[in-house]
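Chain identifiers are assigned alphabetically (A, B, ...) following the order of the sequence lines, protein sequences preceding nucleic acid strands; residue numbering begins at 1 within each chain.
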Amino acid sequence: MEKNFKREISALDEIFSFVDDFVTESRIDDAVAFSIRLAVEELFTNFVRHNTGGLDHIAISLKRDSNQLLIQLKDFQVEPFDMTKVKSVDVDLPLEKRKAGELGIHLVKSIVDKLSYEYSKRTLCVTAIKNLEEQDV
Amino acid sequence: MTVDGIVVSVISGKDHGEVSILQVSGYLDTTTAGELENALYNLLKRDQYKIVVDLSGVTYISSAGWGIFIGEIKEIRSNGGDLKLAGMIGDVHEVFQLLEFHSILESYPDTKSAVTAFKQVSMPD
């Protein structure tokens, strides 16, 4: 399934409905569905907040094969920004040194098995892959 | 699961002593986290620093929601209070653990035990 969404935070409601449709059609377990929602929200909000330039929409694609889920977001006509290189939250840092804003990417890295970045012809593409166990579907 | 927004209400009463309970239900994401932030801010404005957040009705929390707890905890503790989480469902608690928030915030199975924990700290020797 693939769909374009407005480059604005208010698009999240529509995005969650899109994810719900995918989860239902693909008969995905609730716990994995929770991870998909989380990954999509964190990646989308990161695109909206940090990618500069860009068309008025961001493309989200969700695919499932027998043992993997693929979550892909594409942003067109933007400057390069590799979120996968953003330093992970140091969970050992004392409270006063922790930053709330670093949590999103840390979360995505924690819940998916692979997060990759491509940039070509001013199109930025981030792909998250989550491996499925037999009990997840 | 459908997106059902968020409802935040504050419960303060004699039963809870100085402890305020923020009862939250729904979906805590980038679009709704502001409502929790406002409710928390209003408590702090009234110098209420002993807070239990009842998350038993919350089915989803993204980093926007978790960030609010981290953002306010410093002020709360510097004023002699604390923020304790209660009643997290399995999926939410799993993220809480992934983020290793258990080293920062105390969590309890329900609001009653969280409120009791406040009372035990307040009791004189």
**Report entry** Gap between atom OH of B:Y60 and atom CG of A:L38 - 0.5 Å precision
**Finding:** 4.5 Å
Report task. Might you point out which heavy atoms bring A:L107 and B:S63 nearest each other, and give the distance in Å? Result -> CD1-N, 4.0 Å
Requested in this report: Can you see which heavy atom on A:F34 is nearest to which on B:V95, and at what distance?
Outcome: CE2-CG2, 3.6 Å
Query - Path from B:Y108 to B:I89 over hydrophobic side-chain contacts below 4.5 Å - result: no
Query raised in the report: Mind checking whether A:L70 and A:M1 sit in one hydrophobic cluster, side chains of I, L, V, M, F, W, Y counted as touching below 4.5 Å?
Result: no
Query raised in the report: Who else is in the cluster with A:F76 when I, L, V, M, F, W and Y are joined by side-chain contacts under 4.5 Å?
Result: A:L55
Requested in this report: Identify the two heavy atoms, one from B:L98 and one from A:H106, that lie closest to each other, and give their separation to 0.1 Å.
Outcome: O-NE2, 4.0 Å
Query raised in the report: For B:E94, does the CD atom have more than 12 heavy-atom neighbours from other residues, nucleotides or ligands under 6.0 Å away?
Result: no
Report task. Would you check if the side chain of A:E41 reaches a backbone N or O of B:D29 as a donor-acceptor pair within less than 3.5 Å? Result -> no
Query raised in the report: Would A:F81 end up clustered with A:I105 when hydrophobic side chains under 4.5 Å apart are linked, directly or stepwise?
Result: yes
Query raised in the report: Do the non-hydrogen side-chain atoms of A:F44 and B:T30 ever get within less than 4.5 Å of each other?
Result: no
Query raised in the report: In chain order, what residues pass the salt bridge (Lys or Arg N to Asp or Glu O under 4.0 Å) check against A:K114, with sequence neighbours excluded?
Result: none
Query raised in the report: Looking at CG of A:L103 and CZ of B:F101, how far apart are the two atoms once the value is rounded to the nearest 0.5 Å?
Result: 4.5 Å
